[in-house]
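Only one structure is covered here, and it is reproduced in the block below.
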Amino acid sequence: MPELPEVETYRRYVEQHAFRQKISRVTVQDLRILSGIKPLHLTRALKGGIFTTTVRHGKHLFVRCSRGAWLHLHFGMSGDLCYYDSSEEPPRFARVTIHFSRGTALAYDDMRLFGRVGLSENPAKTIHERGLGFDPLDPALGKRRFLTILKPRRGAVKALLMRQDLVAGLGNLYVDEILFQSGIHPRKPMQTMGDSQLEKIFRSMKRVLRATIDRKQRGLRHPSRFLIPHREEGACCPRCDGSIERIVVAGRTTYFCGTHQK
DNA sequence: TTCCATGTTCCGCA
DNA sequence: TTGCGGAACATGGA
């Protein structure tokens, strides 16, 4: 599930549930989920502390521990967080579990193991090292800067919007959604795009992400006017009388409306 | 049994 | 240098 709106939801989930309680124990159920650290490093960095701050950048989540280090989470294709009572059954694919002295626990659950759990000295440093671009919801990313980043590039607009070094946080689902709402074909070459079309993408991007985060927060699904609930070949377009087509762009399954996306 | 999957990275080729 | 296609990673669900 995890693209930017999902990771933002996890960030709020951590603040809501896992703050203000002492970390009593850390369990690593599967070593393959760790990035560049050993279980002992993780335990040393967290045990005895409390979580105090969160930072999200794109699809990356950082959680500061009062002992100084930041827990760094990336969710891959199937990562998830689950806060539960230790007396209950842990999630099926729990890979790392952080236990609190109150008798509760936060599990990092990831069926497919594409995600990673690590430590960071500080988020800014890690963001720089990973070469991540602006977060789409960063107020510093205005439309002028957005145009400056994308305009000189060549290639299909969808491929460029998915690049984490240009803008960090968009993935397959939400890029399709943004282009659907902008009325732009996912294969359209950047070189053929005018300023007004890029501005349209910029506005759709902020609107789609904000609306999705807000609805997730309230436990609601995607609006039926979104493409996301209609990701099926031959489905009726919820915006015009066209039908949804399925193609491959940048190696990823892509859904779009052949009628209103040009 | 086969195909597919909301992510990332690496490799070879143009 | 840049962009692209394909493969790999690991696993379960349809």
Side-chain angles (χ1 to χ4, degrees), chain A residues 1-11 13 28-36 56-61 72-82 91-96 107-118 126-127 129-133 135-136 149-181 186-193 205 208-209 211-213 215-216 221-223 226-235 244-256:
Chain A
M1 265 217 264
E3 292 182 41
L4 188 152
E6 289 76 26
V7 178
E8 175 61 20
T9 304
Y10 298 152
R11 188 189 70 75
Y13 185 81
V28 177
Q29 286 92 339
D30 195 315
L31 291 171
R32 293 173 295 177
I33 207 71
L34 298 181
S35 71
R56 181 194 57 71
H57 188 100
K59 303 173 191 174
H60 295 256
L61 178 60
H72 176 199
L73 305 175
H74 190 275
F75 296 90
M77 293 271 270
S78 54
D80 197 3
L81 288 178
C82 178
R92 186 167 164 204
F93 303 107
R95 309 299 188 184
V96 173
Y108 175 92
D109 180 274
D110 186 2
M111 178 180 86
R112 247 176 283 173
L113 286 165
F114 285 176
R116 286 295 176 265
V117 174
T126 301
I127 290 161
E129 284 168 356
R130 307 271 303 218
L132 297 176
D135 185 275
I149 292 165
L150 288 169
K151 204 113 192 270
R153 305 285 167 179
R154 291 178 301 142
V157 60
K158 170 162 179 173
L160 294 168
L161 289 172
M162 297 227 303
R163 279 179 50 174
Q164 303 299 300
D165 60 333
L166 300 181
V167 168
L170 306 179
N172 199 30
L173 245 62
Y174 289 100
V175 166
D176 279 4
E177 186 65 51
I178 290 160
L179 293 173
F180 173 81
Q181 295 196 20
R187 282 207 182 112
K188 187 170 171 63
M190 183 56 67
Q191 290 156 294
T192 69
M193 299 245 285
M205 174 179 80
V208 164
L209 297 175
T212 302
I213 291 165
R215 293 183 72 100
K216 282 180 179 293
R221 296 182 188 178
H222 293 283
F226 272 34
L227 168 67
I228 287 174
H230 308 277
R231 289 176 70 84
E232 192 184 350
E233 192 158 27
I244 302 305
E245 298 178 26
R246 179 190 197 269
I247 57 175
V248 173
V249 182
R252 310 302 303 275
T253 301
T254 300
Y255 294 90
F256 73 107

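What you see below is based on every heavy atom in this structure, not just the backbone, and it leaves out hydrogens, waters and symmetry mates. All chains are named by letter (A, B, ...) in the order of the sequence lines, taking the proteins before the strands, and each is independently numbered beginning at 1.
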**Report entry** Sidechain-backbone polar pair: A:R95 side chain, A:D110 backbone, donor-acceptor under 3.5 Å
**Finding:** yes

Query raised in the report: Who pairs with A:T253 by side-chain contact (heavy atoms from CB on, under 4.5 Å), at least two apart in sequence or on another chain?
Result: A:R246, A:Y255

Query raised in the report: Between residues 157-173 of chain A and DNA chain B, which residues have a heavy-atom gap below 4.0 Å?
Result: A:Q164, A:G171, A:N172, A:L173

Run the side-chain donor-acceptor check on residues 226-235 of chain A: report pairs under 3.5 Å with partners two or more places apart or on a different chain.
{"from": "A:H230", "atom 1": "NE2", "to": "A:S224", "atom 2": "O", "distance (Å)": "2.7"}
{"from": "A:R231", "atom 1": "NH1", "to": "A:D176", "atom 2": "OD2", "distance (Å)": "2.9"}
{"from": "A:R231", "atom 1": "NH2", "to": "A:D176", "atom 2": "OD2", "distance (Å)": "3.4"}

Requested in this report: Determine the contact category for A:G155: base if any of its heavy atoms lies under 4.0 Å from a base atom, sugar-phosphate if only primed atoms, P, OP1 or OP2 are that close, otherwise nothing.
Outcome: sugar-phosphate

Query - Spacing between A:R252 atom CZ and C:dG3 atom C1', to the nearest angstrom - result: 17 Å

Query - C1' gap between C:dC4 and B:dT6, integer Å - result: 22 Å

Query raised in the report: Distance check: side-chain N/O of A:T253 vs OP1/OP2 of B:dA5, anything under 4.0 Å?
Result: yes

Requested in this report: Using a cut-off of strictly less than 4.0 Å, decide whether A:R153 has a side-chain nitrogen or oxygen near OP1 or OP2 of C:dT1.
Outcome: no

**Report entry** Distance in angstrom units between A:M190 CE and C:dC4 P, rounded
**Finding:** 11 Å

Query - With A:R32 via salt bridge (Lys or Arg N to Asp or Glu O under 4.0 Å) - residues at least two apart - result: A:D30

Query raised in the report: Just by distance, do the side chain of A:E3 and the backbone of A:Y174 share a donor-acceptor pair under 3.5 Å?
Result: yes

Report task. Please tell me if the side chains of A:L209 and A:L170 come closer than 4.5 Å, counting only heavy atoms from C-beta onward. Result -> yes

Report summary line: Residues passing the side-chain contact (heavy atoms from CB on, under 4.5 Å) test with A:D135, sequence neighbours excluded, are A:L4, A:R56, A:H57, A:L137, A:D138

Requested in this report: Taking only the side-chain nitrogens and oxygens of A:H74, find out if one of them lies under 4.0 Å from OP1 or OP2 of B:dG7.
Outcome: no

Query raised in the report: Which range-with-range stems can be found for DNA chain B when each stem has 3 or more Watson-Crick or G-U pairs in a row and both distances sit under 3.5 Å?
Result: B:2-5 with C:11-14, B:7-14 with C:2-9

Report summary line: Residues at least two apart in sequence or cross-chain that pass ring-ring contact (aromatic ring centres under 6.0 Å, His included) with A:F75, listed by chain then number, are A:Y10, A:Y108

Query raised in the report: Can you name the side-chain contact (heavy atoms from CB on, under 4.5 Å) partners of A:Y13, sequence neighbours left out?
Result: A:H17, A:L81, A:Y83, A:L106

Query raised in the report: Between C:dC4 atom P and A:R154 atom CZ, what is the distance in whole Å?
Result: 8 Å

Requested in this report: Please state how far atom OH in A:Y255 lies from atom P in B:dT6, giving the value in whole angstrom units.
Outcome: 8 Å

Query - Nearest-angstrom distance from the residue atom CZ of A:R116 to P of B:dT8 - result: 12 Å

**Report entry** A:M193: side-chain contact (heavy atoms from CB on, under 4.5 Å) partners, not counting sequence neighbours
**Finding:** A:V157, A:I184, A:K188, A:M190, A:Q197, A:L198, A:I201

Report task. Determine, for nucleotides 7-14 of chain C in 5'-to-3' order, which nucleotides have protein heavy atoms under 4.0 Å from the base (write B), from only the sugar-phosphate (write S), or from neither (write -). Result -> --BBBSS-

Query raised in the report: Under 4.0 Å: is that the gap between some side-chain N or O of A:K59 and OP1 or OP2 of B:dT8?
Result: yes

Query raised in the report: Atom OH of A:Y10 and atom P of B:dT6: how far apart are they, to the nearest Å?
Result: 15 Å

Report task. Can you tell me the distance, in whole Å, between the CG atom of A:L73 and the P atom of B:dG7? Result -> 17 Å

Report task. List for me each residue that meets side-chain hydrogen bond (donor to acceptor under 3.5 Å, both in side chains) alongside A:R163, sequence neighbours excluded, and say none if there are none. Result -> A:D165

Query raised in the report: Of all residues at least two apart in sequence or in a different chain, which pass the salt bridge (Lys or Arg N to Asp or Glu O under 4.0 Å) check with A:R130?
Result: none

Query raised in the report: Rounded to the Å, how far apart are A:I228 CD1 and B:dT6 C1'?
Result: 9 Å

